[in-house]
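Following: one structure in structure tokens, then a few remarks.
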Amino acid sequence: MPTTHTRRYVLAARPATTTGPLEDGVLRYEDHAPVPAVQDGQVLVRVAWLSLDVATRGWMNDVRNYLPPAPLGEAMRALGAGVVTQSRHPDFAAGDRVSGLLGWQEHAVVDGSTLRKVPEGVPLQAALHVLGISGQTAWLGLHDIGRPAPGETVVVTAAAGAVGSLAVQLAVAAGARVIGVAGTPEKCALVRELGAVDCVDYREQDVATAIAELAPDRVDVVFDNVGGAMLDALLPHLAVKARVVLCGAVSRYREGGPAPLRNWFHLLPNRVRMEGFIYLDHADRFDEVEADLLPRVRAGELRCQEHVLDGLKAAPDGIRLLLTGTNHGKALVKLG
Ligand SMILES: NC(=O)c1ccc[n+]([C@@H]2O[C@H](COP(=O)([O-])OP(=O)(O)OC[C@H]3O[C@@H](n4cnc5c(N)ncnc54)[C@H](OP(=O)(O)O)[C@@H]3O)[C@@H](O)[C@H]2O)c1
């Protein structure tokens, strides 16, 4: 029997404000939404895992971003992983494990050209973290922009999170001396376990003072996931020719408003390069990055902690976890 209906969360209205909690009515839960018939070039996927991402909150707004706003009246945009149940695309067959933009729904009809196959020998959800958005982002940001040389000092912010923890491990593997910044003693302990020489608990310690002590010879690379005051506190500690990887600005999604960089002048005399990037721009390199990550994942050399929420109805709360720092690792929703 072909699947005819799905449970889903539809983006029903734009939030009243561009940051902060969502009011009622922004997302609408539907118990029995019709699944469209599969057309040529499309596949039907039974979604098993959803990726919860900091950017999701921004996609709900009617604001120019690196992607257009998520469309109203459709399943909320999200990466997911699942199994093909019907295919009219030559590259896919029923039973294939795939990942892509599947949306907050249990069954998704999508263009096959937008999907990636999940390699054998890894759990399906790895396509949403270490082999997917988090791993690709950490790898591209660190190796293309940060380019740490052995012995250089790298600071990673939100270091216990999905992207951050992978950036820590990749930088350690590259021979760098890594210092993390994270929000609790438990998160800092994890970051040290992953190979960082130390980790600053920014809720308990003054970041600038701690970094000055831990990196007396200054910092060569900052891999920044937070932005705002955290990034500003790091700028006076940069070495000559340092690289700042602008990966994320999670503080902005929660707090909003302008976040002035008071210490920007340190960039000039130190000839610092500060560069933002969006991993989606590098889709032509995903195979190359995956080829480097996959053996390390299979060998157990790269870890990504998972924070799993159960069932589609948990998805909206998952976004709140990311913005309050109460997630421990990659935030995922496991569907029934
Ligand atoms: N450039 C790209 O292409 C790209 C792609 C994917 C993700 N990203 C970015 O990468 C970053 C990490 O994403 P992720 O999915 O791996 O999430 P994550 O790090 O697993 O979760 C977000 C973490 O950010 C920290 N945080 C939240 N608010 C904060 C604040 N105001 N100040 C300091 N820390 C705060 C929290 O940890 P603590 O407990 O340590 O505070 C929270 O657990 C995000 O900024 C995301 O937008 C960028």
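The figures that follow rest on heavy atoms only: side chains count, while hydrogens, waters and symmetry mates do not. Atoms within each ligand, like the ligands themselves, are counted from 1 in listed order.
The contact set between ligand 1 and A249, taken as ligand atoms under 4.0 Å from a residue heavy atom, comprises 45 (O). When each atom of ligand 1 is checked for a heavy atom of R203 under 4.0 Å away, the hits are 39 (O), 41 (O). Every atom of ligand 1 with a heavy atom of M230 under 4.0 Å away is listed here by number and element: 33 (C). Close approach of ligand 1 to I133 (heavy-atom distance below 4.0 Å) involves ligand atoms 6 (C). The ligand atoms of ligand 1 that sit less than 4.0 angstrom from a heavy atom of A182 are 40 (O). For ligand 1 and G161, the ligand atoms under 4.0 Å from any heavy atom of the residue are 18 (P), 19 (O), 20 (O). With ligand atoms numbered from 1 in the order given, ligand 1 contributes 3 (O) to contacts under 4.0 Å with heavy atoms of I278. The contact set between ligand 1 and L323, taken as ligand atoms under 4.0 Å from a residue heavy atom, comprises 28 (N).
The protein non-hydrogen atom at the shortest distance from atom 3 (O) of ligand 1 is Y279 N, 2.7 Å. Annotation: atom 39 (O) of ligand 1 to nearest protein heavy atom, K187 NZ, 2.6 Å. Taking atom 26 (N) of ligand 1 as the reference point, the nearest protein heavy-atom neighbour is V250 CG1, 3.6 Å. Nearest protein neighbour of atom 5 (C) of ligand 1, counting heavy atoms only, is T137 OG1, 3.2 Å. The protein heavy atom nearest to atom 36 (C) of ligand 1 is G325 CA, 3.5 Å. In terms of protein heavy atoms, atom 31 (N) of ligand 1 is closest to R254 NH2, 2.9 Å. Nearest protein neighbour of atom 15 (O) of ligand 1, counting heavy atoms only, is D53 OD1, 4.1 Å. With respect to atom 43 (O) of ligand 1, the closest heavy atom belonging to the protein is N327 OD1, 2.4 Å.
With distances taken over non-hydrogen atoms, the option nearest atom 14 (P) of ligand 1 out of V163, L79, L166 is V163. Between L321, V245, V226, it is V226 that holds the heavy atom closest to atom 32 (N) of ligand 1. Distances from atom 20 (O) of ligand 1 to the heavy atoms of A162, C304, G58 show the closest one on A162.
R57 contributes a side-chain N or O that, together with a main-chain N or O of G20, makes up a donor-acceptor pair within less than 3.5 Å. Of the possible donor and acceptor atoms, one in the side chain of N327 sits under 3.5 Å from a partner among the backbone N and O of G329. Side-chain atoms of N270 do not come within 3.5 Å of backbone N or O of A239 as any donor-acceptor pair. Side chain of D96 to main chain of A93: a donor-acceptor pair is present (N/O by atom type, distance under 3.5 Å, no hydrogens or angles).
You'll find the side chain of D198 stays beyond 4.5 Å of the side chain of R177, heavy atoms only. Within the 4.5 Å cutoff, no side-chain heavy atoms of T153 are placed close to those of V178.
Ion pairing between D91 and K117 fails under the 4.0 Å rule for side-chain N and carboxylate O. Checked for salt-bridge contact, D53 and R77 miss the test: no charged N lies under 4.0 Å from a carboxylate O. Under the 4.0 Å criterion applied to side-chain N and carboxylate O atoms, R243 and E152 are assigned as salt-bridge partners. A salt bridge links D40 with R88: the closest approach of a Lys/Arg side-chain nitrogen to an acidic carboxylate oxygen falls below 4.0 angstrom. A salt bridge links E106 with R7: the closest approach of a Lys/Arg side-chain nitrogen to an acidic carboxylate oxygen falls below 4.0 angstrom.
Cluster membership for V226 and L190, using ILVMFWY side-chain heavy atoms within less than 4.5 angstrom, is shared. Note on L335 and V109: separate hydrophobic clusters, where clusters join Ile, Leu, Val, Met, Phe, Trp and Tyr whose side-chain heavy atoms are under 4.5 Å apart, directly or indirectly.
Of the polar atoms of L280, none of the N or O atoms is found under 3.5 Å from an N or O of ligand 1, judged by distance alone. Considering backbone and side-chain N/O of Y202, one or more are found under 3.5 Å from N/O of ligand 1. Checking only distances, N225 does come within under 3.5 Å of ligand 1, N or O to N or O. Looking at ligand 1, you won't find any N or O of T326 less than 3.5 Å from one of its N or O atoms. Taking distance alone, with nitrogen or oxygen atoms compared against 3.5 Å, G183 approaches ligand 1 more closely than that limit. For ligand 1, the polar-atom distance check finds no N/O of T324 at less than 3.5 Å from any of the ligand's N/O atoms. In terms of polar-atom proximity, defined here as any N/O pair under 3.5 Å, V54 makes no such contact with ligand 1. Among the atoms of C247, some N or O lies under 3.5 angstrom from an N or O of ligand 1. For K330, no nitrogen or oxygen atom sits less than 3.5 Å from a nitrogen or oxygen atom of ligand 1, counting backbone and side chain alike. In terms of N/O distances under 3.5 Å, ligand 1 is approached by F277.
Of the heavy atoms in L322, both backbone and side-chain atoms come closer than 4.0 Å to ligand 1. Looking at H307 against ligand 1, nothing comes within 4.0 Å, counting heavy atoms.
Side-chain polar atoms of H89 and Q42 form no donor-acceptor pair below 3.5 angstrom.
Here H282 and Y279 keep their ring centres 6.0 angstrom or further from each other.
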Should L27 and L11 be marked as a side chain to side chain contact (heavy atoms under 4.5 Å, CB included) after you check the CA-CA gap, both sets of side-chain angles, and the distance that decides it? CA-CA 5 Å; L27 293 163; L11 182 64; 4.3 Å; yes
Output, in order, the C-alpha distance, side-chain angles, deciding distance and verdict of side chain to side chain contact (heavy atoms under 4.5 Å, CB included) for L235 and F265. CA-CA 9 Å; L235 298 185; F265 185 70; over 6 Å; no
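The aromatic rings of H5 and H32 lie parallel to each other, with less than 30° between the two planes, well short of the 60° mark.
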